[in-house]
Novice: 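The structure that follows is given in the form of structure tokens.
Below, each value reflects all heavy atoms present in this structure, side chains not excepted, and no hydrogens, waters or symmetry copies.
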Amino acid sequence: APMRDTYGHWYVYFTYGMHFCANVTTNKGGAGAVLIRAVEPVEGIPTMQKRRTTSLKLRGADARSGKADFPERALCNGPAKFCQAFGITGRENGQPVGEAFGIYDAPEIPKSDFGISGRIGIKKGTELPWRFYIKGNPSVSRVRLP
């Protein structure tokens with residue numbers, strides 16, 4: 001319903017019985033959303049590392065050391081990792097962007113620095129150039145050229 005009935009809201013869903021993914025709804029009067037695949041962490045990194053380590057322990061991964069040793073580039077370089085690092089769960093679903101969790105302005109990036117690739121993590125529609133990223137950014141997970 002949030003993707004169909006709102007725009008400028010969070011659409012958060014649980015997938016594969018283990019991960020949250022976060023989208024921002026986009027279309028007034030129609031269905032549409034943008035999946036947040038990755039972000040570049042710039043502050044709060046120790047908190048993100050702790051959340052990611054806790055998430056691994058909950059899933060039964062080997063985290064015997066108990067230390068948060070995720071490199072910054074790997075903290076949020078996937079949609080589930082982004083939600084884990086930022087503590088996003090279903091409680092944000094349907095909330096306006098900026099109320100429960102916000103997106104803030106960043107410095108303008110020249111169009112030449114944007115990359116476009118095919119979709120990843122799916123089986124159908126991988127040829128569609130619907131994935132956008134900043135070229136050379138270390139937080140981008142991987143690139144599939146259309």
Novice: Please confirm whether the backbone N or O of Gly8 pairs with a side-chain atom of Thr25, one donor and one acceptor, at under 3.5 Å?
Specialist: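 Indeed, once roles are kept as given, a pair shorter than 3.5 Å links the two residues.
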Novice: Find the distance between CD (Glu99) and NE2 (His9) and round it off to the nearest 0.5 Å.
Specialist: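 If we round to the nearest 0.5 Å, Glu99:CD and His9:NE2 are 7.5 Å apart.
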Novice: Would you please test Leu35 and Tyr13 for side-chain contact (heavy atoms from CB on, under 4.5 Å) and show each step?
Specialist: CA-CA 11 Å; Leu35 173 66; Tyr13 60 91; 4.2 Å; yes
Novice: Nearest 0.5 Å, what's the CG-CG distance between Asn93 and Asn23?
Specialist: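 Rounded to the nearest 0.5 Å, the CG-CG separation comes out at 9.5 Å.
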Novice: Step by step, would you call Tyr133 with Lys135 a side-chain contact (heavy atoms from CB on, under 4.5 Å)?
Specialist: CA-CA 6 Å; Tyr133 60 94; Lys135 294 176 184 174; 4.3 Å; yes
Novice: Rounded to the nearest 0.5 Å, what's the gap from CD on Glu40 to CG on Asn77? Could you check?
Specialist: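 Nearest 0.5 Å value for the CD-CG distance: 11.5 Å.
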Novice: If I compare all heavy atoms of His19 with all of Gln84, which pair ends up nearest, and what's the gap?
Specialist: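 Nearest heavy atoms, His19 then Gln84: ND1-NE2, 3.8 Å.
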Novice: How long is the straight-line distance from CH2 of Trp130 back to OG of Ser117, given to the nearest 0.5 Å?
Specialist: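 With rounding to 0.5 Å, OG (Ser117) is 13.0 Å from CH2 (Trp130).
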Novice: Which pair of heavy atoms, one from Gly78 and one from Ala38, lies closest together, and at what distance?
Specialist: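 Between these two residues, the closest heavy atoms are N-CB, 4.2 Å.
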Novice: Closest heavy-atom contact between Trp10 and Gly98?
Specialist: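 Shortest heavy-atom separation between Trp10 and Gly98 comes out as NE1-N, 4.4 Å.
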Novice: How close do Ile109 and Ile134 get, heavy atom to heavy atom, and via which atoms?
Specialist: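 Closest heavy-atom pair between Ile109 and Ile134: CD1-CD1, 3.3 Å.
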Novice: Is it the case that more than 12 heavy atoms not belonging to Tyr7 sit under 6.0 Å from its OH atom?
Specialist: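 Open: at most 12 neighbouring heavy atoms sit under 6.0 Å from OH of Tyr7.
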Novice: About how many Å separate CG of Asp5 and CG of Asn27, when rounded to the nearest 0.5 Å?
Specialist: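 That separation rounds to 12.5 Å.
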Novice: Val12, Phe14: one ILVMFWY side-chain cluster at the under-4.5 Å cut-off?
Specialist: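 Yes, one cluster joins them.
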Novice: For residues Cys76 and Phe86, report the shortest heavy-atom separation together with the two atoms involved.
Specialist: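 Taking every non-hydrogen atom into account, SG-CE1, 3.8 Å.
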Novice: Restricting to non-hydrogen atoms, name the atom on Arg52 and the atom on Leu75 that form the minimum distance, rounded to 0.1 Å.
Specialist: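 For Arg52 versus Leu75, the nearest heavy atoms are NE-O, 3.2 Å.
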